[in-house]
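Structure record follows, encoded as structure tokens.
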Amino acid sequence: MSSMRGGASATGKEQGPWQGRTDGTQWMHQTLIVLFRYVNLRFVYLFMAVFVVPFYMLFFHQGYISIYHYFRRRLHYGPVKAFCKVYQNHYRFGQIILDRFAVYAGQQFHTDVEGGEHFDRLQASEQGIIVLSSHVGNYELAGYAFRSRQKRFNALVYAGEAAVVMENRNRMLSRNNMRMIPVGNDLSHIFLANEALANGEIVSIPADRIFGSPRFIECQFFGTKARFPLGPFAMALQRGVPVVAMMVMKEDTHRYKIYVREVKADEGLNTRREQAASLAQHFARELELVLRKYPEQWFNYW
């Protein structure tokens, strides 16, 4: 399973460095890809449900406690229901990681789209577009399911991901007119993202983690204040480009639903800071609405 521990909590308290690398060795990753060419996906799900999920719940306690508090304090579930939801959350997360390797092996997933007309309309314009992603569902699958015909799609991705994952991502995304921009310490990704927007292309940016940055916006989220990164919203305003939120949620073994929501700042705001805060709040609202439908598909173990 992918490690997503660390980051900032809903209260803004730091909990250590974020680790966004898929667990396992290169040999294990390659074996999974070969396995999915011959084995039914449901059998691997069953093995994971019986052995892998209990292991992670027992021995990766920080993640367990963090997501348990989400169900107890934010969704107000009772102790028993919260525990069951933690199991479902870990199971869903494992499914989504396995689905990634199943796609690498050539398996197909069906996707339904809600709100795709917003994206189609914006793609037809000459402007660049910022697509806000988040650590819910399986956002990566959208890049494998669609070909970006009118504009090149540039996705900011974690540079420290496992080699097999990065190689297969690049192989599959490149044939769909998509480019990965690894996020590194040299900030070169900022220049590449700005260049892509200036050329009228699409840039995908994670918008639900501050990664230790001092630049953040506090938004109302599940009844409390939560910190969201200022960068994606400030970039959209600086470049004057439209913004959409995209969330890809698992519905069944081979079926996902993609939610596309246009995100706009309230009118009549004077300063860039106020406009950025309004954009962030609208994004936080769309994120919360989707999570209310799929509460077990939020994978923020921090």
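Worth knowing before you read on, the calculation uses all heavy atoms, side chains too, and leaves out hydrogens, waters and symmetry mates.
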> Got a salt bridge between Arg152 and Glu201, using NZ or NE/NH1/NH2 to carboxylate O under 4.0 Å?
Replying inline: yes
So the side-chain hydrogen bond (donor to acceptor under 3.5 Å, both in side chains) pairs with at least one residue in residues 232-241 (sequence neighbours excluded) are none
When Gln108, His110, Gln107 are each screened for side chain to side chain donor-acceptor pair (under 3.5 Å) with His254, the one that passes is Gln107
*Side-chain H-bond candidate by donor/acceptor type, Asn168 with Arg171, under 3.5 Å*: yes
For residues 119-143, the salt bridge (charged side-chain N to carboxylate O under 4.0 Å, His left out) pairs (sequence neighbours left out) are Arg100-Glu140, Arg121-Glu262, Glu140-Arg169
Within a reach of under 6.0 Å around CZ of Arg37, are more than 12 heavy atoms found that belong to other residues, nucleotides or ligands?
-> yes
Assess the side chains of Tyr301 and Tyr56: does a donor N or O sit below 3.5 Å from an acceptor N or O?
-> no
Nearest heavy-atom contact between Gln95 and Met48 is N-CE, 3.6 Å
| query | Can you find a heavy atom in the side chain of Phe71 that is under 4.5 Å from one in the side chain of Asn89? | reply | yes
Would you say the side chains of Arg179 and Asn154 form a donor-acceptor pair under 3.5 Å?
yes
Looking at Tyr87 versus His90, is the centre-to-centre ring distance below 6.0 Å?
no
ask   = What about Phe299 and Phe93, are their ring centers closer than 6.0 Å?
value = yes
Within the supplied structure, the quantity of interest is the number of heavy atoms (other residues, nucleotides, ligands) at a distance under 6.0 Å from Phe83 CZ; does it exceed 12? no
Which word best sums up how the rings of Phe47 and Phe51 line up, parallel for under 30°, tilted for 30 to 60°, or perpendicular for over 60°? tilted
> Any side-chain heavy atom of Leu32 sitting closer than 4.5 Å to one from Tyr104?
Replying inline: no
For Lys85 and Tyr77 the tightest heavy-atom approach is CG-CE1, 3.7 Å
Modelled atom types, side-chain donor and acceptor of Asp99 and Tyr256, under 3.5 Å
yes
From the list Glu286, Arg292, Arg285, side-chain contact (heavy atoms from CB on, under 4.5 Å) partner of Glu288 resolves to Arg292
So that I know where these two stand, are Tyr70 and Phe222 an aromatic pair - ring centroids less than 6.0 Å apart? yes
State, yes or no, whether a side-chain contact exists between Tyr139 and Val131 at a heavy-atom distance under 4.5 Å.
yes
Pro232 and Ile130 have their tightest heavy-atom pair at O-CD1, 3.8 Å
Under 30°, 30 to 60°, or over 60°: which ring-plane class applies to Phe59 and Phe55, parallel, tilted or perpendicular?
tilted
